[in-house]
Protein chains: 2
Amino acid sequence: MGHDGPMSSVKAKPARRGRPPRGSELLSRQRVLEAALALVDEEGLDAISMRKLALRLDVDPMSFYNHVDGKDALLDGIAEMMLSSIGFPETVGDSEHKGLRESMEVMARKFRQAMLDHPRAAPVVLTRQLPSIVALAPIEAVIGPLLAAGYPSDKAVHALRSVLAFLIGALMREVGAAPTFSASDSEASRQREADLRASGLPAVMATAAHLAVIDHETEFEFGLALLLDSLDNQLRP
Amino acid sequence: MGHDGPMSSVKAKPARRGRPPRGSELLSRQRVLEAALALVDEEGLDAISMRKLALRLDVDPMSFYNHVDGKDALLDGIAEMMLSSIGFPETVGDSEHKGLRESMEVMARKFRQAMLDHPRAAPVVLTRQLPSIVALAPIEAVIGPLLAAGYPSDKAVHALRSVLAFLIGALMREVGAAPTFSASDSEASRQREADLRASGLPAVMATAAHLAVIDHETEFEFGLALLLDSLDNQLRP
DNA sequence: CAGACTAAACCTACGTTGTAGGAATAGCAA
DNA sequence: TTGCTATTCCTACAACGTAGGTTTAGTCTG
C-alpha cells in the first residue's frame, strides 16, 4: 500500500481531494444534519458553526455546501428532522377512536417530548416559520380531531392556533430555563424566593414560594387542561 | 481654527479623542439602547452589529463598552426597555375595580401592543429569560387579579404561567409571520390555499380556506378567551 | 494649583465566522 | 479517448465581537 502513511503521526491533513471513491459516501444530507443536531445537543445553538461541524466530520467546511444550501438551510433541516421524528398518527381512523381531548393530549405530549429530546435545538423548531410540508403533519393531527368532534372549520383553525401558541410558548420557556431553576435545587430556589419576597410587590410576595420553583411538566399539563376544558365546553353551550 | 480641517472633504474621521467636553453627552446607556432599538426596527435583528450601531452614532465601536457590557447585555437592555414601556397599573387598588377577566385582558393587550410597536425587536423579549426586577411588574399585574378573584397561591402561579406561555407563543408567531401572510393579500393567500388543497391531508384540505389566512388580532382574542373562560369556570365548579 | 486619578472616547489587533470563487480528482457518458 | 459532472479541498475576503492599550478632559486631593 505505498509509502504515504507512517510518518504523518500527529495531525497532518490527509489531503483527501477530488470526487470520493465509489461507495464511500463521506457526506450526505442525512449525515450532515445528524452531525449538526448532535453538535447542537452537545454545545448549544450559539456555539455551532460550519467550521466546528466540519472539524467534527473531519471534512472541509465548504464540503457540505454540496448537500445543504448554507447555515440557515442547515438549521431548517434540523427543524424538519425534529418535526418529522414525532410520528403523528397517519391514518385518519385513529383519531376517531379517541375523543377530542385524548387526541389533543397525545399530540401535545408527543410534541413536547420531541422538543425535550433535544432541548438546545428546540428553539430552532419553535422560532422558525415553517411552511414546509412537514409542518402540515402536526396540523392535520390537531385539526382532524377538532372536525371530528363537531367544530366548524373556522373555529377549528382558531383552536388549532391557540393550542399551537401555547405549545410554542410553554416549550420556549421550558427549554430556555436554567436547569437549576427546574426543581429541587433548594439553594438556588431559596435564594430566588428571598429575592421575590424583597420585591415589594404584594401579590408577588404572597406567592413567592410557588414562583420560586417550576415543575415544567405539571405546568404544561395545567395549561393544556385549561385550553381543552374550554374547547370541550364550547361544544355544548 | 488651526490647520486640521479643510482638505478632509469627503469622509475623514474627525479623530475626536479623549474624554468628551462637559455637557456633550455623546453617549449614554439611554442613547445607546435607543439607537440600538431603532436600528433593530429598521434593519432587523440579524442585521444588527456593534459596528453598524457605531456607524449610526458616529462613534467608535468600542466606545459603548463604557455604557453597556457587550452585545448580549445590549440586547438585555433592549428587552428591559420594551418591557418597562408597557406601563402596568402601579396601585393595587386598580385591579379591584375591574374583575379578573378585564384585568387580564387589559394586561395581555398592553403586552401585545408593546411587542407590535417593535415587531422586529420583540423576539428579544419573548426569547430571553428575564430574572430582572423589570420582569416582575407584569407578573404582579397578572397574579394580583388572580388572588383577588379567589385563586389560591399555587393555582394562581400555574394560571399565570399558562397565560404567559400563550402570550409568548402567540406573539412569536405574529411577529415572525411574513407580513404578506397576515391579511388581504389575495394573491399570496390564494396560492397558499391551493398548496394546502394539494396536501392530501383530509382535515387540512377541509379547512384550507381558513388555514390560508390569518387575522392575528382575532386569533389572539380567541385564544385569550379560551384561557379566561377556563379560569372563570374554575372558580365555581 | 499641581499632581494623581478617573471616565469616556478612540485605535489596533486577534481570532472566528459564513461563504464566494476556484482547482483538483474521480467516476460516468459519448 | 474525450469530455462532463459530482464531490471534495483550498484560498481568500469582508464582517463580526471584543481584549488590550492610548489619549485626553474633567475631577478630586493635597
Side-chain angles (χ1 to χ4, degrees), chain A residues 1-2 4 8 11-33 35-36 39-40 42-78 124, chain B residues 1-2 4-5 8 11-36 39-40 42-78 124:
Chain A
M1 344 37 176
D4 58 340
S8 64
K11 209 56 181 302
K13 293 273 182 72
R16 178 188 33 207
R17 226 173 142 151
R19 184 181 236 198
R22 186 50 166 280
S24 80
E25 294 185 349
L26 246 183
L27 254 38
S28 77
R29 182 177 165 86
Q30 254 327 290
R31 267 182 60 74
V32 171
L33 291 183
L39 186 57
V40 173
E42 292 169 21
E43 313 212 5
L45 254 186
D46 294 343
I48 193 186
S49 82
M50 300 301 249
R51 296 171 125 105
K52 281 184 195 156
L53 186 58
L55 218 63
R56 155 183 283 252
L57 287 172
D58 189 29
V59 139
D60 186 271
M62 291 309 288
S63 287
F64 24 68
Y65 279 79
N66 294 309
H67 307 274
V68 163
D69 243 12
K71 193 185 187 181
D72 251 30
L74 183 144
L75 294 177
D76 285 345
I78 291 182
V124 174
Chain B
M1 325 164 134
D4 59 340
S8 63
K11 207 58 179 300
K13 293 274 180 74
R16 177 187 36 204
R17 229 172 140 150
R19 182 180 237 201
R22 185 49 166 280
S24 81
E25 293 185 350
L26 243 183
L27 253 39
S28 78
R29 182 175 165 85
Q30 254 327 291
R31 264 182 61 75
V32 170
L33 291 183
E34 278 165 12
L39 186 57
V40 173
E42 292 170 20
E43 312 210 6
L45 256 187
D46 294 342
I48 192 184
S49 83
M50 299 301 251
R51 295 171 128 105
K52 280 184 197 157
L53 186 58
L55 218 64
R56 155 184 282 251
L57 287 172
D58 190 28
V59 139
D60 186 272
M62 290 310 287
S63 287
F64 24 67
Y65 280 80
N66 294 310
H67 307 274
V68 163
D69 245 11
K71 192 185 186 181
D72 250 30
L74 184 143
L75 295 178
D76 284 345
I78 291 182
V124 174

Response to the item:
Here the residues of residues 43-51 of chain B within 4.0 Å heavy-atom distance, strictly under, of DNA chain C are R51(B)
Practice prompt. Would you please name every residue forming a side chain to side chain donor-acceptor pair (under 3.5 Å) with E43(A), sequence neighbours left out?
Written response: none
Discussion item. Without decimals, in angstroms, what is the distance between L53(A) CG and dT19(C) C1'?
Written reply: 15 Å
Worksheet, complete the sentence: Interatomic distance, CD1@I78(B) vs CD@E34(B), rounded to 0.5 Å, equals 11.0 Å
Worksheet item: Rounded to whole angstrom units, what separation is found between the CZ atom of F64(A) and the P atom of dC10(D)?
Response: 14 Å
Worksheet entry | Rounded distance in Å - CE (M62(A)) to C1' (dG21(C)) | 9 Å
Response to the item:
Among dC10(D), dT7(D), dC10(C), the one nearest any side-chain atom of N66(A) is dT7(D)
Item to complete: Would you kindly give the OH-to-P distance between Y65(A) and dT17(C), to the nearest whole Å?
Response: 12 Å
Response to the item:
Per-residue pairing states of DNA chain C in dot-bracket (Watson-Crick or G-U under 3.5 Å; . unpaired, | other strand) read ||||||||||||||||||||||||||||||
Discussion item. Going by side-chain hydrogen bond (donor to acceptor under 3.5 Å, both in side chains), name the pairs with one or both residues in residues 66-77 of chain A, residues two or more places apart or in two chains.
Written reply: D76(A)-R128(A)
Taking only distance into account, with no hydrogens and no angle test, what donor-acceptor pairs under 3.5 Å do side-chain atoms of residues 47-55 of chain A form with protein atoms, sequence neighbours excluded?
| unit_1 | atom_1 | unit_2 | atom_2 | d |
| --- | --- | --- | --- | --- |
| S49(A) | OG | R51(A) | N | 3.3 |
| S49(A) | OG | K52(A) | N | 3.1 |
| K52(A) | NZ | A47(A) | O | 2.8 |

Worksheet item: Between atom CG in D60(B) and atom P in dG17(D), what is the gap in whole Å?
Response: 13 Å
Fill in: Closest non-hydrogen atom pair, A35(A) against L57(A)
CB-CD2, 3.8 Å
Discussion item. Measure CG/L57(B) against P/dC10(C) and give the value in whole Å, please.
Written reply: 10 Å
Item to complete: May I ask you to list the residues of residues 67-75 of chain B, by number, that have any heavy atom positioned under 4.0 Å from an atom of DNA chain D?
Response: G70(B), K71(B)
